[in-house]
Amino acid sequence: MSVDMPGRGGLTVSGSPMSSPLKDVRGIAQHMVGHFVETVAPCGTLPGDAIHGDVTTITRMCLELAVGMLDGRDIPEKTKRLEQAAAQWAREGIPIDTIHHAIHEGFKIGSNLVITSALSRHRSPDGPEGTLVIAASDMENILDGSKLVVELLDRMTSAVSLAYVREMRAVVAEHHTAVHTLTSALLGGHSTSTMARECGIEIAESYHVLAVSIPEHPEEHSPTVDGAVVARRKLRRVQAELATHYTDKALSLLSVDGGTILLPAQEIPDEQLDELVEELSRAARVPITATLISATPQQIPDAADQAHELLDIVHRLRLVRGLFRFDELALEYQLTRPGPGRDHLGSVLDPLDEHPELLETLQTHISNNLNRQRTARLLHVHTNTVDYRLKRIGQLTGFDPAQASGLWYLRSALVARTYRAG
């Protein structure tokens, strides 16, 4: 960041430079750093070499910059050094609010020294205690000095903020690239401990492998907004939510319509995963569906394929959104395997081809866990109509959906039929 300062002469009070109280840069810097350690909580936890090294050096340079500006000089290399320090602090994980708080605390100390010194030269020895007699020229310089303090504070906070944010973006980009590289390697079956070390991410002993489907947000089809922007914002919210809860733990490859997430099984219990999917859904503002398979690193490629096959089954059956584990869909998964059994089951519903409303009713009823009221509401019909259609399905297919055995066959036939059609 470069700021051009307008040419100006040095500010004086009673003939003395206003910067005089700050001339002992080294001593004041040590006093300020000691104050930071005592009053700015996170500063007190920094290593000693950081306190007595970089922090002290930067404090001294900030004072030199303040002195130079009060004397009418600009020292651009000091601002550059401040930017470099801010970038380093970003990489070291020092919170930016801590940095700004320290800067403001330093300004309090420095401003107090300058103003106190300036006013002490104008106390009248003949008047009541505390009486000030200030010449017009000195008053103007004091006001100019106050404005310069604000200008300097703005310059420093801007330099720190811009450099810090720029570096954080670079760090995030590097981490994202590392995560992407390692996740791709795990999904491709090419991961090694060497690659993990290079990425700075430790490979877990086992993983929860989640296949995730993110439906479109309603606004993606709005004619008044850019649907691509809506989709990207939806994805960013999901990624941010994932990073918030599982920083450096979650490995993911996600697009605007879904993808794969790998979570270390030892660190994230299985029972937390249902809540995770709910939280991701709230962040995305759409109902997310996911399927789960557990696997060792070597098993991840096959597990990911299997998880996405399960996710396809969930979509074909139009099941209620949420997280589904393999044991909940083991039967449906087996029914999708090619063979004469699947072919036979796929033909069970052929009598309904001429009655699309019956097929729609059966599929909706099963996807809603046999809830007649919900099925009727979704189909915009009376519950008696649902009952009549289910009875008619039984007559045409020979399998009564009101009986457990009949429902089992009909549900299996729906699975097989979708794959036969595919």
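With hydrogens and angles disregarded, a donor-acceptor distance shorter than 3.5 Å links the side chain of R237 to the backbone of A284. Under a 3.5 Å cut-off, the side chain of T364 and the backbone N or O of T361 do not form any donor-acceptor pair. No donor-acceptor pair under 3.5 Å is formed between the side chain of S161 and the backbone N or O of S158. Although no hydrogens or angles enter the test, the distance criterion places a donor-acceptor pair under 3.5 Å between the side chain of Q363 and the main chain of R316. Within the 3.5 Å criterion, the main-chain N or O of T296 finds a donor-acceptor partner in the side chain of Q299. Counting only distance, with no hydrogens or angles, the side chain of N369 and the backbone of N371 share no donor-acceptor pair below 3.5 Å.
Atom CG of residue L242 and atom CG of residue L263 lie 6.5 Å apart, to the nearest 0.5 angstrom. In this structure, L358 CG and K391 NZ are separated by 13.5 Å, a value rounded to the nearest 0.5 Å. For the atom pair L253 CG and L262 CG, the distance stands at 7.5 Å (nearest 0.5 Å). S412 OG to R417 CZ: the interatomic distance, rounded to the nearest 0.5 Å, is 14.5 Å. Distance check, rounded to the nearest 0.5 Å: CD of E275 to CG of L323 gives 12.0 Å. In this structure, the separation between CG on L396 and CG on L349 is 10.5 Å, given to the nearest 0.5 Å.
Taking 4.5 Å as the limit, every side-chain heavy atom of E83 sits out of range of all side-chain heavy atoms of L162. Between H365 and P401, every side-chain heavy-atom pair lies at or beyond the 4.5 Å cut-off. No side-chain heavy atom of R325 sits less than 4.5 Å from a side-chain heavy atom of T291. The side-chain heavy atoms of S252 and T183, taken from C-beta on, include no pair separated by under 4.5 Å. Proximity of L379 to T385: side-chain heavy atoms (C-beta onward) are nowhere separated by under 4.5 Å. Counting heavy atoms from C-beta outward, L311 and F324 have side chains that stay 4.5 Å or more apart. No side-chain heavy atom of V212 sits less than 4.5 Å from a side-chain heavy atom of V277.
When every heavy atom of P215 is checked against every heavy atom of S213, the shortest pair comes out as CD-O, 3.6 Å. Closest non-hydrogen pair, H308 versus G259, comes out as CE1-O, 3.4 Å. Minimum interatomic distance between P264 and A204 (heavy atoms only, all atoms of both residues): CB-CB, 3.6 Å. The two residues I300 and Y207 make their nearest non-hydrogen contact at CD1-CD1, 3.6 Å. The nearest pair of heavy atoms linking P351 to S347 is CD-O, 4.1 Å. The minimum heavy-atom distance between A86 and V160, with the atom names listed, is CB-O, 3.7 Å.
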Side chain to side chain contact (heavy atoms under 4.5 Å, CB included) between V256 and I214, intermediate numbers included:
CA-CA 7 Å; V256 295; I214 307 175; over 6 Å; no
I'd like to know whether D387 forms a side chain to side chain contact (heavy atoms under 4.5 Å, CB included) with N384, so could you lay out the CA-CA distance, the side-chain angles of the two residues, the decisive distance to 0.1 Å, and finally the verdict.
CA-CA 5 Å; D387 293 337; N384 290 341; 4.3 Å; yes
Please lay out, stage by stage, how V386 and Q373 fare under the test side chain to side chain contact (heavy atoms under 4.5 Å, CB included).
CA-CA 9 Å; V386 173; Q373 288 77 16; over 6 Å; no
Step-by-step side chain to side chain contact (heavy atoms under 4.5 Å, CB included) determination, I366 to L362:
CA-CA 6 Å; I366 289 177; L362 177 63; 3.8 Å; yes
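The only option from L251, L254, L273, L276 that meets the side chain to side chain contact (heavy atoms under 4.5 Å, CB included) definition with I261 turns out to be L254. Among R232, R285, R233, K234, the single residue meeting the salt bridge (charged side-chain N to carboxylate O under 4.0 Å, His left out) criterion with E220 is K234.
Using cut-offs of 30° and 60° on the angle between ring planes, the pair F399 and Y409 is parallel.
Other residues, nucleotides and ligands contribute more than 12 heavy atoms inside 6.0 Å of the NE2 atom of H355. Counting non-hydrogen atoms of neighbouring residues, nucleotides and ligands closer than 6.0 angstrom, the CD atom of E360 exceeds 12 such neighbours. The 12-atom threshold is not exceeded at CD of E354, counting heavy atoms of other residues, nucleotides or ligands nearer than 6.0 Å.
Under the 3.5 Å distance criterion, with hydrogens and angles disregarded, a donor-acceptor pair is assigned to the side chains of R392 and Q395.
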